[in-house]
Amino acid sequence: MEKHTGTEDESNPNARTIEVLKQMMDYYDRTNEHWKTIAYRKAIAALKKRTRKITTKEEALAIPFIGSRLAGKIEEIVFTNRLRRLENTNFDSADIALQLFLKIYGVGHSQASLWINQGHRTLNDLLTKATLTTNQKIGIEHIDDFATRIPRDEVEHHGRIVRNAIHKEDPAIEITIGGSCRRGAPDSGDVDFIITKPDASMETLRTIILDTVIPSLFQHHYLRHALASSTARSDGSKWHGCATLPGSKIWHRIDFLLVPHAEMGAALIYFTGNDIFNRSIRLLASRKGMRLNQRGLWTDVLRGGKRERMTQGALLESRDERKIFGLLGVPWRPPEHRVC
DNA sequence: ACTCAGCTCGG
DNA sequence: CCGAGC
DNA sequence: GAGT
């Protein structure tokens, strides 16, 4: 819960150590060693805050989130300028293909490994020989599009198009762009629209957006494809898809997130992120006997033998972002300071 | 030995 | 239910 | 991989 200063020292004395540890982290990320990846991320964040060079194992061990194994690696990097464990990792064709397949939208470690084991190594292998879902085909076809960053002014252009389309149907609907754009980032990977309407039911909101606005945006060739959307059976409230700006061929990922007005505070926290900030604030809530999710801040729930939730708990706050911070005892942080 | 956030959607 | 995305 |  420390405030992020934004002073991202390019000339950090531990820059080389951080660079090598990050390569190790990326390796663990693509080999699906989830908790090691997170441990490396925490250790790197801790090292970034240091203003003096960490050279020995003992020095490293004194830093929180750096244990004996990472401390040993840090010492090795400083004294030899390399990490043997990293050089043991094989950058073979399977590893190259794994890195490629993991970039496809809708493909994770499980699917990527399956394809590797089936002998596939290129996107063309997948297109010609593998059985693909509709979304996977889209993900492959637009792998470069989805990797293209969206400059802030283009994000705002998306905002104007969507806002106009919605307000043409109902001017009372409120639209907020969330994600990295709300955090003030100069560019974004996708565009998140948080959509709500005061004094309206979710059914009403869903009907307007799904049945009227989205078809209209398709007709105007702004929306190009639906990837995931709430169905009748779910109480769901999201639409994931792809859109292009007029005159552009680049497909970008956009999300419509439909939120009851009473839950806007919790939804804003969730859809503003970043993900690290969300995890830490949720962990803090759980430590304080509460639970934070995209719907609100709750008193703690009863959990069964295997940790599954038995009860939902009582709602403490959900409408007001600032009140949720207050109840958690966290000083207010504007979105641009939620980068961890 | 156990936690590390918690949820929704597609298949 | 599991995998994946957010 | 680290913390409890």
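What you see below is based on every heavy atom in this structure, not just the backbone, and it leaves out hydrogens, waters and symmetry mates. A quick note: this is a predicted structure, and the numbers were derived from the prediction, not measured. Lettering of chains follows the sequences in order, A, B, ..., and the numbering in each one begins at 1.
For the pair A:Arg183 CZ and C:dC6 C1', the interatomic distance rounds to 12 Å; values are reported in whole Å. The CH2 atom of A:Trp115 sits 9 Å away from the P atom of C:dA4 (whole-angstrom rounding). Atom pair A:Asp255:CG and B:dC9:C1' shows a separation of 12 Å (rounding to whole Å applied).
Within 4.0 Å of A:Glu33, counting heavy atoms only, lies no atom of the nucleic acid at all. Contacts of A:His34 with the nucleic acid, taken as non-hydrogen atoms under 4.0 Å apart, are absent. Among the atoms of the strands shown, only primed sugar atoms or phosphate atoms (P, OP1, OP2) are found under 4.0 Å from some heavy atom of A:Leu70. Contact annotation for A:Arg253: backbone-only contact, meaning every heavy-atom pair under 4.0 Å involves sugar-phosphate atoms and none involves a base. Residue A:Leu292 is in sugar-phosphate contact alone, with no base atom involved, counting any heavy-atom pair closer than 4.0 Å across all strands shown. A:Tyr270 comes within 4.0 angstrom of a nucleotide base, judged by non-hydrogen atoms across all strands.
Listed candidates were C:dC6, B:dG6, D:dG1. Nearest to the side chain of A:Ala39 is D:dG1. Taking the side chain of A:Arg282 as heavy atoms from C-beta on, and the options D:dG3, B:dA5, B:dT8, the nearest nucleotide is B:dA5. Comparing D:dG1, C:dA4, B:dG6 against the side chain of A:Gln111 picks out C:dA4 as the nearest. Here the nucleotide nearest the side chain of A:Lys238, chosen from B:dT8, D:dG3, B:dG6, is B:dT8. The side chain of A:Lys73 sits closest to D:dG1 out of D:dG1, B:dA5, C:dC6. The A:Ser110 side chain lies nearest to C:dA4 when the options are B:dA5, C:dA4, B:dG11. Residue A:His240 places its side chain closer to C:dC6 than to any other of D:dG1, C:dC6, B:dT8. Proximity note for A:Arg279 (side chain, C-beta onward) versus C:dA4, C:dC6, B:dA5: the nearest is B:dA5. Distance from the side chain of A:Arg69 is smallest to D:dA2 among D:dA2, C:dC6, B:dG6.
Annotation: B:dA5 and D:dT4 have their P atoms spaced 15 Å apart (nearest Å).
With centroids closer than 5.5 Å and planes inclined by less than 30 degrees as the test, A:Trp35 and the base of B:dC4 pass as a stacked pair.
Checked for salt-bridge contact, A:Lys238 and A:Asp255 miss the test: no charged N lies under 4.0 Å from a carboxylate O. Of the charged side-chain nitrogens involved, none lies within less than 4.0 Å of a carboxylate oxygen, so that A:Glu156 and A:Arg160 do not count as a salt-bridged pair.
Exactly one residue among A:Phe65, A:Trp35, A:Tyr28, A:Tyr27 makes a ring pair (Phe, Tyr, Trp, His ring centres under 6.0 Å) with A:Tyr40. That residue is A:Tyr28.
The aromatic rings of A:His142 and A:Trp251 sit parallel, their planes meeting at an angle under 30°, below the 60° perpendicular limit.
Phosphate contact (OP1/OP2 of C:dA4, side-chain N/O of A:Tyr105, threshold under 4.0 Å): absent.
For A:Arg82, the salt bridge (Lys or Arg N to Asp or Glu O under 4.0 Å) criterion is met by A:Glu87, not counting sequence neighbours.
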